[in-house]
Asker: 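Take this structure first; my questions come after.
Just so we're clear, the structure is a prediction, and the values are computed from it rather than from any experiment. This chain uses plain numbering: 1 for the first residue, then up along the sequence.
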Amino acid sequence: MPDKTPLWMTLLILLLTLPVFSLPILLSNLPEGDTSLRAIVWCYPFYLLLSAYLAWQAYPRRQTVSWILIVLMVLSTAAIWMLVVNPPVPV
């Protein structure tokens with residue numbers, strides 16, 4: 001077993017972490033007065049950075065866990081953008 005995460009995996013994780021820089025765009029596109037949605041969007045970058053770090057740390061010994069975290073990063077990025085573009089209708 002290798003003791004280091006390979007360069008290609010490090011680059012993949014860094015590439016998937018780039019949406020962190022879209023936080024200003026996400027916040028500017030939120031509907032006014034929706035504080036719960038704003039809280040979710042504010043938590044998103046912290047979640048993404050933590051997932052990226054854990055995926056990078058887990059890869060040398062547990063590749064499956066690392067791949068699961070990467071897939072969840074991709075799905076959460078898509079979900080956040082869908083949530084901002086099509087906000088839920090209040091009941």
Side-chain angles (χ1 to χ4, degrees):
M1 284 256 162
D3 291 336
K4 286 178 52 175
T5 303
L7 179 62
W8 65 269
M9 179 55 95
T10 303
L11 292 176
L12 176 66
I13 291 171
L14 286 174
L15 178 71
L16 293 174
T17 308
L18 287 178
V20 164
F21 297 110
S22 67
L23 182 66
I25 296 168
L26 290 170
L27 289 173
S28 67
N29 289 330
L30 285 175
E32 290 296 323
D34 196 350
T35 56
S36 62
L37 187 57
R38 185 170 296 277
I40 291 171
V41 171
W42 270 106
C43 291
Y44 166 69
F46 301 109
Y47 161 75
L48 202 63
L49 291 173
L50 181 63
S51 293
Y53 174 73
L54 292 175
W56 183 73
Q57 285 289 326
Y59 189 81
R61 293 199 177 104
R62 301 190 185 256
Q63 287 94 8
T64 306
V65 172
S66 184
W67 281 110
I68 289 170
L69 286 168
I70 287 171
V71 168
L72 289 174
M73 286 171 60
V74 170
L75 291 175
S76 66
T77 299
I80 285 291
W81 277 99
M82 288 174 60
L83 191 62
V84 169
V85 171
N86 301 320
V89 178
V91 178

Asker: Identify the heavy atoms of Ser51 and Met73 that sit nearest to each other, and give their distance.
Answerer: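 Minimum heavy-atom separation between Ser51 and Met73: CB-CG, 3.6 Å.
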
Asker: Applying the 4.5 Å side-chain criterion to the ILVMFWY set and letting contacts propagate, would Tyr59 and Leu49 be lumped into a single cluster?
Answerer: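 In one cluster with Tyr59: Leu49, yes.
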
Asker: Contact between Leu48 and Pro19 at the side-chain level, heavy atoms closer than 4.5 Å - yes or no?
Answerer: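 Yes, close enough: below the 4.5 Å cut-off.
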
Asker: Should side-chain heavy atoms under 4.5 Å link Ile, Leu, Val, Met, Phe, Trp and Tyr, which residues sit in the same cluster as Leu15?
Answerer: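 ILVMFWY cluster around Leu15 also holds Leu18, Phe21.
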
Asker: For a quick test of reading the model, state the closest non-hydrogen atom pair linking Gln57 to Pro60 and the distance between them.
Answerer: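 In terms of heavy atoms, the two residues are closest at O-CD, 3.4 Å.
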
Asker: Hey, what do you get for CD1 (Ile40) to OG (Ser76), rounding to the nearest 0.5 Å?
Answerer: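 Between atom CD1 of Ile40 and atom OG of Ser76 there are 12.0 Å.
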
Asker: With hydrophobic residues grouped by side-chain heavy-atom distances under 4.5 Å, do Ile80 and Leu30 end up in a single group?
Answerer: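 The answer is yes; both residues are in one hydrophobic cluster.
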
Asker: Within the side chain of Thr5, is there an N or O that forms a donor-acceptor pair under 3.5 Å with the backbone of Thr10?
Answerer: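 Looks like no, no N/O pair under 3.5 Å.
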
Asker: Measure the CG-CG distance between Leu16 and Leu72 for me, rounded to the nearest 0.5 Å.
Answerer: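 Rounded to the nearest 0.5 Å, the CG-CG separation comes out at 12.0 Å.
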
Asker: Donor-acceptor pair, Ser28 side chain versus Ile25 backbone, under 3.5 Å?
Answerer: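 Side chain of Ser28 to backbone of Ile25: a pair is present.
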
Asker: When clusters are formed from ILVMFWY side-chain contacts under 4.5 Å, directly or step by step, what else is grouped with Met82?
Answerer: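 Members alongside Met82: none; it stands by itself.
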
Asker: When hydrophobic residues are tied together by side-chain contacts of less than 4.5 Å, even through go-betweens, does Val20 share a cluster with Ile13?
Answerer: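 In one cluster: yes.
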
Asker: Is Leu37 reachable from Leu23 through a run of I, L, V, M, F, W or Y residues, each pair having side-chain heavy atoms under 4.5 Å apart?
Answerer: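 Yes, one cluster joins them.
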
Asker: Do Tyr44 and Thr77 come within less than 4.5 Å of each other through their side chains, counting heavy atoms only?
Answerer: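 Heavy-atom side-chain distance check passes, below 4.5 Å.
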
Asker: Does the side chain of Trp42 reach to within under 4.5 Å of the side chain of Leu27, using non-hydrogen atoms?
Answerer: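 SC-SC contact between Trp42 and Leu27 confirmed.
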
Asker: Tell me, do Asn29 and Val85 make a side-chain contact under 4.5 Å, heavy atoms counted?
Answerer: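 No - every pair of side-chain heavy atoms lies 4.5 Å or more apart.
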
Asker: Would you say Ile68 ends up clustered with Met9 if hydrophobic residues are merged whenever their side chains have heavy atoms under 4.5 Å apart, either directly or through other cluster members?
Answerer: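 No.
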
Asker: Say you draw a straight line from CD1 of Ile70 to CG of Leu54; how long is it, rounded to the nearest 0.5 Å?
Answerer: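 Separation between the atoms: 11.5 Å.
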
